[in-house]
Amino acid sequence: MPELPEVETIVRDLRDRLVGRVIREVVVILPKVVASPAPEKFASLLAGREITGLARRGKYILVSLSGDRVLVIHLRMTGQLVYYTRPEPFPKHTHLLFYLDQGVLRFTDLRQFGRVRLAHKRELDDVPGLRDLGMEPLDAGFTEQEFVRRLKRSQRMVKPLLLDQAFLAGLGNIYTDEALHRSGVHPERRAAGLSTREARNLCRAIREVLSEGVALRGTSVQHYVDGSGQRGRFQEILRVYGKRGEPCPVCGVPVERIRCGGRSTHFCPSCQKRSEK
DNA sequence: CGATTTGTTAGTAG
DNA sequence: CCTACTAACAAATC
């Protein structure tokens, strides 16, 4: 489940290996993972282009190419993007192969939810999903003030709000549960009902878990691997995600799991009260 | 063998 | 049109 730290790790890994490489040939094995243009056109438009840069926006991977084109990749739940220096036999669920002048970039996705699209650089802001993304929590321009202001404007429950990519870009189920626990906020609290102090704590906790996530190269609970196929280490310091029944590392009370906004949600009933402390 | 898992979007209700 | 919420998608794993 690649969230911001996982995507950031992949982008940094691949940047070192891919910038300056030239795409020789693209093989589309599962056409539906190519959102646009049509798979044949997608492949022919890519051949011969040089990779000039890699960037992240929310959970999107942006691969800049010569000729002002950009490859927009979203891994969704189980997508993987891994670079190999030599053409190894590719595993199950491999849907795209980018043969480069040196090495191969392989896109695999067990659940087939991930999507890849080739766009013009200037029409990037019109790409659905990318267009409506909210603030980048790790950007310098992201201020506590603005976060608190926007939080208090919403009547929604805080957890579904944090998962809304139009509100804040990059959080998923794991880091949201961890940030709420660290800031002592119950996931079902109404965003507007948080005190300023709680909202500020939440803001700091979000930045904290995301930075630590990046530092530990992501969370490998199930499928996530980085740009060279290695697992991350943030799962070693998870406090509540996937810990139902285990003692909260802060107070020892068993972690509970509920359904919130249709998502499984882990929290400590003692550290995260339903009403303001 | 049915329940569970998740990111996003399309759809509904108000 | 805006806000809040939910179903649907896919496929392996338990």
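Letters A, B, ... mirror the listed sequences (proteins, then strands); counts begin at 1. Both backbone and side-chain heavy atoms feed into the values below; hydrogens, waters and symmetry mates do not.
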Please report, rounded to the nearest Å, how far the [atom2] atom of [N] is from the [atom1] atom of [X].
X	N	atom1	atom2	answer
A:Arg76	B:dT9	CZ	P	6 Å
A:Arg111	B:dT8	CZ	C1'	14 Å
A:Leu75	C:dA10	CG	C1'	16 Å
A:Lys32	B:dT8	NZ	P	17 Å
A:Leu110	B:dT5	CG	C1'	11 Å
A:Glu188	C:dA4	CD	P	16 Å
A:Ile73	B:dG7	CD1	P	18 Å
A:Arg259	C:dA7	CZ	P	11 Å

If you compare every side-chain N and O of [X] against the phosphate oxygens of [N] (OP1, OP2), does one of them come in below 4.0 Å?
X	N	answer
A:Thr78	C:dA12	no
A:Arg190	C:dC5	yes
A:Gln155	C:dA4	no
A:Gln112	C:dA11	yes
A:Lys92	C:dA12	no

(request) Ignoring hydrogens and angles, tell me if any N or O in the side chain of A:Ser220 forms a donor-acceptor pair with the backbone of A:Gly232 under 3.5 Å. (result) yes
(message) I'd like to know whether the aromatic ring centres of A:His186 and A:Phe267 sit less than 6.0 Å apart in this structure.
(response) yes
Choose from [options] the nucleotide whose nearest atom is closest to any side-chain atom of [X].
X	options	value
A:Arg156	C:dC5, B:dT8, B:dT5	C:dC5
A:His74	C:dA12, B:dG7, B:dT4	B:dG7
A:Glu3	C:dC5, B:dT5, B:dG7	B:dG7
A:Arg257	B:dG7, B:dT5, B:dT9	B:dT5
A:Phe113	B:dT4, B:dT8, C:dA10	C:dA10

(request) Start with the C-alpha gap between A:Thr196 and A:Lys152, add the side-chain angles, then the distance that decides, and say whether side-chain hydrogen bond (donor to acceptor under 3.5 Å, both in side chains) holds. (result) CA-CA 9 Å; A:Thr196 302; A:Lys152 291 193 168 189; 2.6 Å; yes
(message) Please determine whether any donor N or O and acceptor N or O are separated by less than 3.5 Å between the side chain of A:Arg263 and the base of B:dT5.
(response) no
(request) Compare every heavy atom of A:Pro254 with every heavy atom of A:Gly245, then report the nearest pair and how far apart it is. (result)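 Distance-wise, the nearest heavy atoms are O-CB, 3.9 Å.
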(message) For a quick test of reading the model, state the closest non-hydrogen atom pair linking A:Arg111 to A:Thr78 and the distance between them.
(response) N-OG1, 3.0 Å
(message) Using the salt bridge (Lys or Arg N to Asp or Glu O under 4.0 Å) definition, which of the options A:Arg263, A:Arg156, A:Lys159 pairs with A:Asp164?
(response)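 Considering A:Arg263, A:Arg156, A:Lys159, a salt bridge (Lys or Arg N to Asp or Glu O under 4.0 Å) with A:Asp164 is found only for A:Arg156.
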(request) Identify whether any heavy atom of A:Gly262 sits under 4.0 Å from a base atom; if not, whether one sits that close to sugar-phosphate; answer base, sugar-phosphate or nothing. (result)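 Result for A:Gly262 = nothing.
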(request) Just call it for A:Tyr241: base, sugar-phosphate, or nothing, with non-hydrogen atoms closer than 4.0 Å on any strand. (result)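 The answer is sugar-phosphate, as A:Tyr241 gets under 4.0 Å only of primed atoms, P, OP1 or OP2.
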